[in-house]
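I have a structure I would like to understand better, so I am pasting it below and will then ask my questions one at a time.
Hydrogens, waters and symmetry mates are skipped; everything else that's a heavy atom, side chains included, is used. Just so you know, these numbers come straight off a predicted model, no measurement behind them.
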Amino acid sequence: MRLLLAIMWLLHWLPLPILGRLGEGIGSLLYIYMRPRRHITLTNLRLCFPEKTEEERVRIAREHFRLFARSALERGILWWAPVSRLRRLIRVEPGMPLETFAKGPTILLAPHFVCLEIPGATLGVFSEYSACTIYTKQRNEVIDRALLKGRLRFRPATLLSREQGVKPIIRAMRKGLPFLMLPDMDFGIRDAEFVPFFGVPAATLTATARIAAATGAAVVPVVCTFLPDYKGWKATYYPAWTDYPGDDIVAATRRMNAFIEERVREHPAEYFWAHKRFKTRPPGEPDVYGRDQDES
């Protein structure tokens, strides 16, 4: 792993068009050799895009692997490049919601697109704000240290574990820290509800709605995608949701999934399809992943 990090450090000096194409080439190879992840990706695409042909879904899956590997390789720029370079490569539209931050507690809702490191970088590069967020310790100690150092390079952040629950998050938010939240993974049925995602019941954390209700926080979605022609990344900050969460936590969670679904349809290959989003099933429903059917 130290060798891998050394290679990433060397490669981050390359111009982004070269680095990006290199990452995409690696992703094409990963699509061929990472059969389990390919199977998960294609299963998700079949569930979410039944109206598309299999050829279209395979095309999205191939592009997803290319973009995921590209984002992983480009992470070296976020970790080691000077801030001046990051300012040139990251475009924030329409701008950082600094007035919203100043008014009170804020949840930055960042769905799992492959450029998932960009939202945190925008805070460090374009504002004086730190953040609180959930951090999952990596199994490999070397990677864990590198990831932490990269994410904390601009200023200290409050990193919390999922097992601590919401109380430490609420305390940090009340101290003025925006809560950077990635809400759209399957962590089981605990603190979750089955709400539709592309019409499929998906175990979805209700924490966004519950924390917003407890703190009166503004919920500001931020979606990060690639700029065309290898020019960098775009962080799109959407207006804070109005009348959220309301009195119905399940309806608020359904609204969140619907918003994410709309953004995924805009950039289908950039969403993180390699995760078992539908791993937890409603009672009586079968496992949707099963055996690697696309290899039979």
### Shortest non-hydrogen contact between Cys115 and Pro119, atoms and distance
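In terms of heavy atoms, the two residues are closest at O-CD, 3.6 Å.
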#### Entry: Closest heavy-atom pair and its distance - Thr106, Met173
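Scanning both residues completely, I find the closest heavy atoms to be O-CE, 3.8 Å.
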### Query
Sequence neighbours excluded, which residues qualify as side chain to side chain donor-acceptor pair (under 3.5 Å) partners of Trp273?
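Trp273 satisfies side chain to side chain donor-acceptor pair (under 3.5 Å) with no other residue.
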### Task
Just jot down the salt bridge (charged side-chain N to carboxylate O under 4.0 Å, His left out) partners of Asp191, sequence neighbours excluded, or say none.
none
### Task
May I ask whether Phe179 and Ile249 are part of the same hydrophobic cluster, defined by side-chain heavy atoms of I, L, V, M, F, W, Y residues being less than 4.5 angstrom apart, directly or through others?
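In one cluster with Phe179: Ile249, no.
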### Query
From His275 NE2 over to Asp186 CG, what is the distance, rounded to the nearest 0.5 angstrom?
5.5 Å
### Message
Which heavy atom of Ala121 sits nearest to which heavy atom of Ile90, and what is that distance?
### Response
CB-CD1, 4.2 Å
### Met8 CE to Leu19 CG distance, which is reported to the nearest 0.5 Å
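Reported to 0.5 Å precision, the distance equals 8.5 Å.
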### Task
Before giving the answer on side-chain contact (heavy atoms from CB on, under 4.5 Å), spell out for Val195 and Met256 the whole-Å C-alpha distance, their side-chain angles and the decisive distance to 0.1 Å.
CA-CA 10 Å; Val195 296; Met256 178 186 73; over 6 Å; no
### Query
Do the rings of His64 and Phe68 sit parallel, tilted or perpendicular, given the 30° and 60° boundaries?
tilted
### Task
Quick one: pull up CZ in Arg85 and CG in Leu78 and give me the separation to the nearest 0.5 Å.
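Output value for this atom pair is 10.0 Å.
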### Task
Verify the cluster assignment for Leu98 and Phe126: are they in a single hydrophobic cluster under the rule of side-chain heavy atoms below 4.5 Å apart?
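In one cluster with Leu98: Phe126, yes.
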### Residue pair Ala157 / Ser130: nearest heavy atoms and the distance that separates them
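Nearest heavy atoms, Ala157 then Ser130: CA-OG, 3.3 Å.
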#### Entry: Non-neighbouring partners of Glu51 that pass salt bridge (charged side-chain N to carboxylate O under 4.0 Å, His left out), sequence neighbours left out
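Salt bridge (charged side-chain N to carboxylate O under 4.0 Å, His left out) list for Glu51, sorted by chain: Arg265.
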### Task
Apply salt bridge (charged side-chain N to carboxylate O under 4.0 Å, His left out) to Arg281 and list each qualifying residue two or more places apart in sequence or on a separate chain.
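Per chain and number, Arg281 pairs via salt bridge (charged side-chain N to carboxylate O under 4.0 Å, His left out) with Glu285.
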#### Entry: Closest non-hydrogen atom pair between Val200 and Leu47, with its separation
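The pair with the smallest heavy-atom distance is CG2-O, 3.8 Å.
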### Query
Once you round to the nearest 0.5 Å, how far does CG of Leu73 lie from NE2 of His12?
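It comes to 12.0 Å.
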### Message
Could you see if Ile40 belongs to whatever hydrophobic cluster contains Ile32? Use Ile, Leu, Val, Met, Phe, Trp, Tyr and a side-chain cutoff under 4.5 Å.
### Response
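No, no single cluster joins them.
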### Message
Taking transitive links into account, so neighbours of neighbours count too, which hydrophobic residues share a cluster with Phe194 at under 4.5 Å side-chain distance?
### Response
Ile189
### Interatomic distance, Thr136 atom OG1 to Leu160 atom CG [nearest 0.5 angstrom]
11.0 Å
### Task
Output, in order, the C-alpha distance, side-chain angles, deciding distance and verdict of side-chain contact (heavy atoms from CB on, under 4.5 Å) for Glu56 and Arg59.
CA-CA 5 Å; Glu56 289 173 324; Arg59 189 180 305 119; 3.8 Å; yes
### Task
Give the cluster check for Trp80 versus Trp13: same hydrophobic cluster or not, with ILVMFWY residues linked at side-chain heavy-atom distances below 4.5 Å.
yes
### Query
Who else is in the cluster with Tyr230 when I, L, V, M, F, W and Y are joined by side-chain contacts under 4.5 Å?
none
## Note on the structure
Separation between OH (Tyr237) and CE (Met96), nearest 0.5 Å, reads 4.0 Å
### Query
After noting the C-alpha distance and the side-chain angles of Thr280 and Arg190, does the key distance pass the side-chain contact (heavy atoms from CB on, under 4.5 Å) rule?
CA-CA 11 Å; Thr280 304; Arg190 179 184 173 187; over 6 Å; no
### Task
Output every pair passing ring pair (Phe, Tyr, Trp, His ring centres under 6.0 Å) with a member in residues 239-266, not counting sequence neighbours, ordered by first then second residue.
Tyr238-Phe259, Trp241-Tyr244, Trp241-Phe259
Per-pair distances, 0.1 Å, donor-acceptor, side chain in residues 209-227, under 3.5 Å, sequence neighbours excluded:
| unit_1 | atom_1 | unit_2 | atom_2 | d |
| --- | --- | --- | --- | --- |
| Arg210 | NE | Thr206 | OG1 | 2.9 |
| Thr215 | OG1 | Ile211 | O | 2.8 |
| Thr215 | OG1 | Ala217 | N | 3.2 |

### Task
With sequence neighbours left out, write down each residue that passes side chain to side chain donor-acceptor pair (under 3.5 Å) with Thr43, or none if nothing qualifies.
none
### Query
Are Leu159 and Trp79 co-members of a hydrophobic cluster defined by side-chain heavy atoms under 4.5 Å apart?
yes
### Task
With sequence neighbours excluded, give me every side chain to side chain donor-acceptor pair (under 3.5 Å) pair touching residues 248-260.
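Checked against side chain to side chain donor-acceptor pair (under 3.5 Å) - neighbours excluded - the pairs reaching residues 248-260 are Thr204-Asn257.
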### Exceeds 12 heavy-atom contacts within 6.0 angstrom, atom CD of Gln164
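Buried by this count: over 12 neighbours within 6.0 Å.
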### Query
Stepwise, does the side-chain contact (heavy atoms from CB on, under 4.5 Å) test hold for Asn44 with Val288?
CA-CA 9 Å; Asn44 286 333; Val288 299; 5.9 Å; no
### Message
Is it true that, when you exclude Glu93 itself, more than 12 heavy atoms of the residues, nucleotides or ligands shown sit nearer than 6.0 Å to its CD?
### Response
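Yes, enclosed.
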#### Entry: salt bridge (charged side-chain N to carboxylate O under 4.0 Å, His left out) partners of Glu24, counting only residues at least two apart
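By the salt bridge (charged side-chain N to carboxylate O under 4.0 Å, His left out) rule, Glu24 matches Arg66, Arg70.
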### Query
What ring pair (Phe, Tyr, Trp, His ring centres under 6.0 Å) pairs are there with at least one residue in residues 83-117, not counting sequence neighbours?
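Ring pair (Phe, Tyr, Trp, His ring centres under 6.0 Å) check on residues 83-117 returns Phe101-Tyr129, Phe113-Tyr271.
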